[in-house]
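Working notes, beginning with the structure itself.
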Amino acid sequence: GELEKYLHANQKTLGVEILDIDYFKQYNDNYGHQKGDECIKMIAGELQKLVQEHPKIYAARYGGDEFVIIYPGLLFSEVESFVKELKRNVQANAIEHKYSKAANVVTVTQGICFDVFSNGKSISDFLKRADDALYEEKKVGRNSYRIIQM
């Protein structure tokens, strides 16, 4: 798409994040679907704030309780600080989650692929790697993040 063309033309960096609500199934099962929806809306709201403050960043729901955030043309340190900020902001909503093994409030785990967007790479390659990072991180713990390269 347009973003890929732009990134290729400028040999820019790309960060792609997949974010997952910790123990969302347990949340939904115990608090009910309406509360589950409110929980998802809270995350969506935090992402909306991020995107409004930083128009270059793009975010979308990726199905179920997963969201994708795209950080084009940023430094590694900038991407990492956005990742940490998002984590803090979600936790600061202090939505009770008694059934989470990660914390007593709703938290997220984040997997990120960050690299230079050079020829022969596509955004879906980055997505796949971000998914790997998320999966690896969830094996170790939740309410945390992992950033890997291509």
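We count residues from 1, following the sequence as given.
Side-chain heavy atoms closer than 4.5 Å link hydrophobic residues (I, L, V, M, F, W, Y) into clusters, and following such links, possibly through other members, connects Tyr58 to Leu3. Using a 4.5 Å cut-off between side-chain heavy atoms of Ile, Leu, Val, Met, Phe, Trp and Tyr, with links allowed through other members, Ile69 and Val83 fall into the same hydrophobic cluster. A chain of hydrophobic side-chain contacts below 4.5 Å, direct or via other Ile, Leu, Val, Met, Phe, Trp or Tyr residues, connects Val106 to Tyr31. Hydrophobic clustering (ILVMFWY, side-chain heavy atoms < 4.5 Å, transitive): Leu134 and Val108 are in distinct clusters. One hydrophobic cluster, built from ILVMFWY side chains closer than 4.5 Å, cannot hold both Val16 and Phe67; they sit in different ones.
In this structure, a donor-acceptor pair under 3.5 Å is present between the side chains of Glu17 and Tyr71. Inspection of the Thr109 and Glu137 side chains reveals no N or O donor paired with an N or O acceptor under 3.5 Å. Side chains of Lys84 and Ser81: a donor-acceptor N/O pair is absent below 3.5 angstrom, by distance only. At a cut-off of 3.5 Å, with distance as the only test, a side-chain donor of Tyr145 or Glu80 sits close to an acceptor on the other residue.
Taken from CG in Leu14 to SG in Cys113, the straight-line distance is 7.5 Å, to the nearest 0.5 Å.
No salt bridge links Arg88 with Glu85; every basic N to acidic carboxylate O contact stays at or beyond 4.0 Å. The pair Asp132-Arg129 counts as a salt bridge, with a side-chain nitrogen and a carboxylate oxygen less than 4.0 angstrom apart.
Taking the ring centroids of Phe117 and Phe126, they lie under the 6.0 Å cut-off. Side-chain rings of Phe76 and Phe114 approach one another, their centers coming within less than 6.0 Å. Side-chain rings of His54 and Phe82 approach one another, their centers coming within less than 6.0 Å.
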Discussion item. Could you walk me through whether Lys41 and Glu38 satisfy the salt bridge (Lys or Arg N to Asp or Glu O under 4.0 Å) test, starting with their C-alpha distance in whole Å, then the side-chain angles of each, then the deciding distance to 0.1 Å, before giving a yes or no?
Written reply: CA-CA 5 Å; Lys41 286 193 183 110; Glu38 284 167 26; over 6 Å; no

Worksheet entry | Steps toward side-chain hydrogen bond (donor to acceptor under 3.5 Å, both in side chains) verdict (Asp22, Thr107) | CA-CA 6 Å; Asp22 295 324; Thr107 57; 2.6 Å; yes

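Shown are Lys138, Arg146, Arg142, Arg61; of these, the salt bridge (Lys or Arg N to Asp or Glu O under 4.0 Å) with Asp20 is made only by Lys138.
Residues Asn143 and Ala102 approach most closely at CB-CB, 4.1 Å, considering heavy atoms.
The main-chain N or O of Tyr6 is found under 3.5 Å from a side-chain atom of Asn10 such that the two form a donor-acceptor pair.
Note on ring orientation: taking the six-membered ring where Trp is involved, the planes of Tyr27 and Phe24 are parallel (angle under 30°, cut-offs 30° and 60°).
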